[in-house]
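All remarks here apply to the structure that follows.
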Amino acid sequence: GAVVSQHPSWVICKSGTSVKIECRSLDFQATTMFWYRQFPKQSLMLMATSNEGSKATYEQGVEKDKFLINHASLTLSTLTVTSAHPEDSSFYICSARDSIAGRTGELFFGEGSRLTVL
Amino acid sequence: DQQVKQNSPSLSVQEGRISILNCDYTNSMFDYFLWYKKYPAEGPTFLISISSIKDKNEDGRFTVFLNKSAKHLSLHIVPSQPGDSAVYFCAASVANTGNQFYFGTGTSLTVIP
């Protein structure tokens with residue numbers, strides 16, 4: 001079946017550094033990918049919608065300059081947490097849907113990336 | 001503002017019995033709903049979906065019921081198995097807004113052998 005891969009699965013960084021997380025659709029093309037953040041014991045919160053070839057659409061309250069999203073190809077979206085601080089520590093998850101399937105197609109999730117900022 | 005709510009953070013059920021997980025939403029424009037299952041430190045995996053033109057969808061042991069007037073959906077698992085122990089999220093999507101899904105806070109299901 002379709003697979004979405006995230007890398008790295010776990011990253012520890014120092015405060016003030018930037019971290020890049022990759023999300024790849026392995027056997028399908030995705031014009032749209034989604035980035036979520038999960039706080040402990042809380043829901044998946046949609047951060048932004050990543051659009052191939054154009055700017056990402058951010059949810060209210062999400063800092064665009066803090067969380068840079070690039071969707072350079074139909075199979076890759078990246079999330080860069082810039083100047084990370086301890087409060088950015090969280091579990092980040094991406095998802096994607098096969099472009100051919102349309103809006104009601106199954107949404108596939110990556111394995112998630114746990115970011116710890118010291 | 002949480003548009004999709006799962007008011008029960010946890011649920012324990014005996015193996016073989018029915019598990020019923022509930023989800024409420026506030027946005028009447030939601031027209032497509034999904035249930036996801038999540039194990040710790042893993043991404044969610046899709047379970048079952050339902051569109052607003054239906055009130056029931058069944059897939060094996062899993063059945064989702066949608067009550068549009070009450071803005072309520074539920075997931076029934078029968079018979080429940082220990083491997084079903086996980087966190088279950090419901091999610092909803094609004095028509096004509098692309099592919100954005102809004103998730104509930106999740107219900108942790110424990111199936112006791």
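Note that the structure is a prediction, hence the values are computed from the model and not measured. Convention: sequence-line order gives letters A, B, ...; per-chain numbering from 1. Computation of the quantities below employed the complete heavy-atom set of this structure, encompassing side-chain atoms and omitting hydrogens, waters and symmetry-equivalent molecules.
In this structure, CZ in F46(B) is found 8.5 Å from CZ in F108(A), a value given to the nearest 0.5 Å. Atom OG1 of T105(B) is separated from atom CE of M45(A) by 10.5 Å, given to the nearest 0.5 angstrom.
Of the two parts of Q6(A), neither the backbone nor the side chain holds a non-hydrogen atom closer than 4.5 Å to a non-hydrogen atom of chain B.
The number of heavy atoms from other shown groups lying within 6.0 Å of NE2 (H85(A)) is above 12. Within a 6.0 Å radius of NZ in K20(A), other residues, nucleotides and ligands contribute 12 heavy atoms or fewer. The number of heavy-atom neighbours closer than 6.0 Å to NZ of K66(A), taken from other residues, nucleotides and ligands shown, is above 12. With a 6.0 Å radius and a threshold of 12 heavy atoms from other residues, nucleotides or ligands, R17(B) has its CZ atom at or below the threshold.
Cluster membership check: Y88(B) shares its hydrophobic cluster with V64(B), using side-chain heavy-atom separations under 4.5 Å among Ile, Leu, Val, Met, Phe, Trp and Tyr.
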For this session: Any chance you could lay out the ring-ring contact (aromatic ring centres under 6.0 Å, His included) test for F103(B) and Y36(A), step after step, and finish with the verdict?
Result: CA-CA 10 Å; F103(B) 284 79; Y36(A) 302 85; 5.3 Å; yes
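Residues E59(A) and Y102(B) have side chains in contact (heavy-atom distance under 4.5 Å, counting atoms from C-beta outward).
Centroid-to-centroid, the aromatic rings of F109(A) and Y36(B) come within less than 6.0 Å.
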